[in-house]
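Just so you know, these numbers come straight off a predicted model, no measurement behind them. As a basis for the values below, the full set of heavy atoms in this structure was taken, side chains included, without hydrogen atoms, waters or symmetry mates.
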Amino acid sequence: DAGVIQSPRHEVTEMGQEVTLRCKPISGHNSLFWYRQTMMRGLELLIYFNNNVPIDDSGMPEDRFSAKMPNASFSTLKIQPSEPRDSAVYFCASSLTGGKNIQYFGAGTRLSVL
Amino acid sequence: SQELEQSPQSLIVQEGKNLTINCTSSKTLYGLYWYKQKYGEGLIFLMMLQKGGEEKSHEKITAKLDEKKQQSSLHITASQPSHAGIYLCGADIGGQNFVFGPGTRLSVLP
């Protein structure tokens, strides 16, 4: 298996632009997590899906952030409009059935908002 | 996450030395996971501990979960430059909640 695949690896955009991050989980995994990592706040869970349904989105910073999982093999995290404080590394992870199992991480998307 | 604390924040050791990283929680941990992250990469799973007093080893890395299930330690024996990176503990703290510690940055000098 190729593991969790994220795209793009790097994204540079200007403030106010829409940003879409993509994730393909490991085949057969039914839980998917989006995290944000910064020096100041460390690794933060943004949202967690189970069987394509959002279970916990309490970590989503504000309405500018939205996440979807239209099917078991694809998820997106969208920021609209983007702001400089959104600059961070965004990770996607997948696991078998929930947070009580080992999570496998993608390589991350490094986002810079100018 | 404030639920999990790690110490030390960073560590520099000479190759061949032993070291220990700690992860502490104020809440009971229903599962404790150790991950390693290299710069610019995602997290790699190392070990999972679920029972109080449990200890697991893989190569030169040993992880333990204390009896009260509120503290875990990660011990590296005879460290090598390949052990360098950021070590993060993650924990299932009940319900749907999973949190990570702030990480410990390890440098191993050759």
For this session: Tell me, with the steps shown, if B/F100 and A/Y35 meet side chain to side chain contact (heavy atoms under 4.5 Å, CB included).
Result: CA-CA 10 Å; B/F100 279 93; A/Y35 290 92; 3.5 Å; yes

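At a heavy-atom separation below 4.5 angstrom, chain A is approached by B/Q37, B/Y39, B/G40, B/E41, B/G42, B/L43, B/F45 within residues 37-47 of chain B.
Atom CZ of B/R105 sits in a sparse spot, with 12 or fewer heavy atoms from other residues, nucleotides or ligands closer than 6.0 Å. Surrounding CD of B/Q14 are more than 12 heavy atoms belonging to other residues, nucleotides or ligands, all under 6.0 Å away. The neighbour count for A/D63 CG, taken as heavy atoms of other residues, nucleotides or ligands under 6.0 Å away, does not exceed 12. Within 6.0 Å of the CD atom in A/E14, the count of heavy atoms belonging to other residues, nucleotides or ligands does not exceed 12. In B/I12, the CD1 atom is not crowded: 12 or fewer heavy atoms of neighbouring residues, nucleotides or ligands sit closer than 6.0 Å.
Partners of A/S75 under the side chain to side chain donor-acceptor pair (under 3.5 Å) rule, at least two apart in sequence or in another chain, are A/W34. With sequence neighbours left out, B/H83 forms a ring pair (Phe, Tyr, Trp, His ring centres under 6.0 Å) with no residue at all. Taking B/E15 as the reference, B/P81, B/V108, B/P110 meet the side chain to side chain contact (heavy atoms under 4.5 Å, CB included) condition, with sequence neighbours excluded.
To the nearest 0.5 Å, atom CZ of residue A/F105 and atom OH of residue B/Y35 are 5.5 Å apart. The structure places CD1 of A/I102 at 7.0 Å from OH of B/Y33, a figure rounded to the nearest 0.5 Å.
The part of A/Q37 that comes within reach of chain B is its side chain, from C-beta onward, which places non-hydrogen atoms under 4.5 angstrom from that chain.
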